[in-house]
There are 2 protein chains.
Amino acid sequence: MSETGGSVPKRTTLRDVAKAAGVSHQTVSRAINGKGEIDPETQRRVLDVARQLRYRPSRFARGLVRPDVVSVGVIVPDVVNPFFPEFIDGVIQAAGRQDWQVVVASTQYDQARELTLLRSLSQQVDVIVGYLTHPDEELAASVGGVPLVVVDRGLDSPTYASVEIDALTGIREAMDHLTDRGHRKIGMIDCVPPCGDPYARRRMFQTLTAEHELTVDDSWIVTVEQSVAGGNTGFRELWQAHPDTTAVLAFNDLVAIGAHQAARDLGVRVPEDCALVGFDGLTVGELIEPPLTTVHLDKRRLGELAVQQVDRLLSGELPPPVVLTPQLVVRRTT
Amino acid sequence: MSETGGSVPKRTTLRDVAKAAGVSHQTVSRAINGKGEIDPETQRRVLDVARQLRYRPSRFARGLVRPDVVSVGVIVPDVVNPFFPEFIDGVIQAAGRQDWQVVVASTQYDQARELTLLRSLSQQVDVIVGYLTHPDEELAASVGGVPLVVVDRGLDSPTYASVEIDALTGIREAMDHLTDRGHRKIGMIDCVPPCGDPYARRRMFQTLTAEHELTVDDSWIVTVEQSVAGGNTGFRELWQAHPDTTAVLAFNDLVAIGAHQAARDLGVRVPEDCALVGFDGLTVGELIEPPLTTVHLDKRRLGELAVQQVDRLLSGELPPPVVLTPQLVVRRTT
DNA sequence: TTGTAGGCGTTATCAA
DNA sequence: TTGATAACGCCTACAA
């Protein structure tokens, strides 16, 4: 190897500073960390040299000898989908209270990427929290023993600590509300969730229509892509099949907003001609006109609960799933 | 110290595994890293033992001897404000392409917290990207030599690499558009930005009204808190002072949405009675009815550019500021 | 194929 | 107040 190349700049170390300042590396350490036991004058001098040499401690070396901050990795499908920022915020805030740091990564809804991320993240953080789609065994293979908290798997992850969402209770509230107001012809715009039982929501709906003895069959359920556009399409399909529908339960708020747009385009007034209920409780639902009635989930809390599970995991236990229940927020689309 | 306490579990190391498997720690290393030079049978056995002992390599020890992944810290005021997730996403994606990891932190609009975060983050990451409010000197004192890229400081940070937003050009487009459509009585709902010149936007507006020889004086500018509620208040104030206003330029989309709500409440039709233009180009602007005309900024790109600056910084240069120019997107509020 | 020695950059301990 | 020495857990040589 010649010395021509300006290859790796090589880091300035404690010893470099020590040499330049004419003291021992230990003295430099003391100066940097400023825990007394050092002559103020020496300290000043050493600090000066350190600055000149642009010295910065290595987080690795430091982490090696000190109990370092915990680093939590968070994996979500998409950082921009308004559901996730609140969740992430919950994680960041709960973690921040213990001075933990949070590494955020997104799969972009790419299944293969999920595994890749899991694999690389698990090398760099102490614990992972994630909205994950793969079955437990595949996750296990990818995280290689790093503690993991999974979110919203539908009680489907015996291996891992988890936070679950009791969607049924929330949706029951919504159905009660609708039937209380006299609705009998209630349709549903469903989506297939990224993991777990693809028919979970549909089943809940069926259960509840049965409870209320509604005479709507499966033709009142349309399944669409989980997006505003999907909701738009879904409403049109539903309305075409059943123009006598008086209320629609959407898979989530984004889908509901799409449905709302379709209704407006079709000249269907919400809620006069057709009521509409979303799910998630996104802020955007409050901004549209009329504001959306929705089954509201406290997404920030969801993130905090995930961190709470992390706590338990790190202290050695494998905690039972914790369940978060959403609540109906009645606004003006019903 | 007695041995009663379940104090620190103490980590399982390579040597522990070695001892348990009856080989040298080196052999274990080879087994773990799977780079040949090892008997498959030995490897299998070692790996088994490692798993049983729940061995996981220390990221610190590894980072010490290996050129580790770069870790980028991102500081924003608020993870939930819909402006920032897109920015963060841009950072995450650009960083991800180089297999860098991204640590996200939020100040919650707390000035003191900004400095605290800067201080702690700078100990754990290789470089920081941030929406920061403090003047350069104070930032310098907090990051202690860690490379920093600042965003949207109004060309106000000679010390640091930066990404700037050319708001004037975007707003000029908006004003041209409005005057083209015959508007002369144009009002502004302004806010004071978290850092930099508090009158920046107001000045731009004044410049442009002058360019177009509009006869609106400063009483056509109201200043409110930067939020939906602020926008609501702002519109009411403006409309009360000048009921002959035919168009309003809002500080940003959230403010514009508030203004829109106020207009509706006051029976002012948008855009028939009063046109409305936002700034930022948030997705939510597309979801309201009618969809919001706005000066659209590519926030994801903003994040990518920040990472680009990080690249340059890390390769030794102090790059000149890079500028991103927003563009008017005409929808249906004008 | 396997084991031994040394060093990565830091902090802790103890002696000077 | 300062300095030598020994970890921390891992990896890269090199020797066996």
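Just so you know, these numbers use all the heavy atoms, side chains as well, and skip hydrogens, waters and symmetry mates. Per chain, numbering begins at 1; letters A, B, ... match sequence-line order.
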**Q** What is the distance, rounded to the nearest whole Å, between atom CD1 of I38(B) and atom C1' of dG3(C)?
**A** 12 Å

**Q** Can D136(B) and S157(B) be counted as having a side-chain donor-acceptor contact under 3.5 angstrom?
**A**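 Yes, because at least one side-chain N or O of D136(B) sits under 3.5 Å from a partner of the opposite role on S157(B).
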
**Q** Strictly below 4.0 Å, N to O, side chains only: are D48(A) and R51(A) in salt-bridge contact?
**A**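 A salt bridge links D48(A) with R51(A).
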
**Q** Using a strict 4.0 Å threshold on nitrogen-to-oxygen distance, state whether D126(A) and R59(B) make a salt bridge.
**A** yes

**Q** So, D89(B) versus Q93(B): side-chain donor-acceptor pair below 3.5 Å or not?
**A** yes

**Q** Does OP1 or OP2 of dT2(C) have a side-chain N or O of T42(B) closer than 4.0 Å?
**A**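 For dT2(C), OP1/OP2 do have a side-chain N/O of T42(B) under 4.0 Å.
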
**Q** Under 4.0 Å from any atom of DNA chain C, heavy atoms only: list the residues of residues 49-59 of chain A that qualify, in numerical order.
**A** Y55(A), R56(A), P57(A), S58(A)

**Q** How many Å lie between CZ on R45(B) and C1' on dT1(C), as a whole number?
**A** 13 Å

**Q** Name all residues meeting the salt bridge (charged side-chain N to carboxylate O under 4.0 Å, His left out) criterion together with E164(A); count only those two or more places apart in sequence or in a different chain, and write none if there are none.
**A**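 With neighbours one apart ignored, the set is empty.
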
**Q** If you assign each of P40(B) and A61(B) to its closest nucleotide in DNA chain C, which residue comes earlier from the 5' end?
**A**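 Closer to the 5' end of DNA chain C: P40(B).
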
**Q** What nucleic acid atoms does R66(B) come within less than 4.0 Å of, heavy atoms only: base, sugar-phosphate, or nothing?
**A**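 Result for R66(B) = sugar-phosphate.
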
**Q** Can you check the R44(B) CZ to dT1(C) P distance for me, whole Å?
**A** 17 Å

**Q** Given E114(B) and T133(B), is the side chain to side chain donor-acceptor pair (under 3.5 Å) satisfied, shown in steps?
**A** CA-CA 8 Å; E114(B) 177 175 315; T133(B) 63; 2.8 Å; yes

**Q** Where does the chain A footprint on DNA chain D start and end, counting 5' to 3' with a 4.0 Å heavy-atom cut-off?
**A** dT1(D) to dG9(D)

**Q** Say whether Y109(B) and D78(B), considering side chains only, have a donor N or O and an acceptor N or O under 3.5 Å apart.
**A** yes

**Q** Taking the basic N atoms (NZ, or NE/NH1/NH2) and the acidic carboxylate oxygens, is any pair closer than 4.0 Å for K299(A) and E304(A)?
**A** no

**Q** With respect to the phosphate group of dT11(C), does any side-chain polar atom (N or O) of S29(A) fall under 4.0 Å of OP1 or OP2?
**A** yes

**Q** Give a yes or no on whether the backbone of A21(B) and the side-chain of R45(B) come within a donor-acceptor separation of less than 3.5 Å.
**A** yes

**Q** Let me know the distance between CZ of F60(A) and P of dC8(C), rounded to the nearest Å.
**A**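 After rounding, the reported distance stands at 16 Å.
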
**Q** For the pair made of CG in D16(A) and C1' in dC8(C), what is the distance, rounded to whole Å?
**A** 13 Å

**Q** Mind calculating the distance between NE2 (H25(A)) and P (dG9(C)) to the nearest angstrom?
**A**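 That distance rounds to 12 Å.
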
**Q** Whole angstrom is fine here: how far is it from CZ in R11(A) over to C1' in dT10(C)?
**A** 11 Å

**Q** Let me know, please, whether L64(A) or R15(B) comes out on the 5' side of the other along DNA chain C by nearest nucleotide.
**A**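 The residue closer to the strand's 5' end, by nearest nucleotide, is R15(B).
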
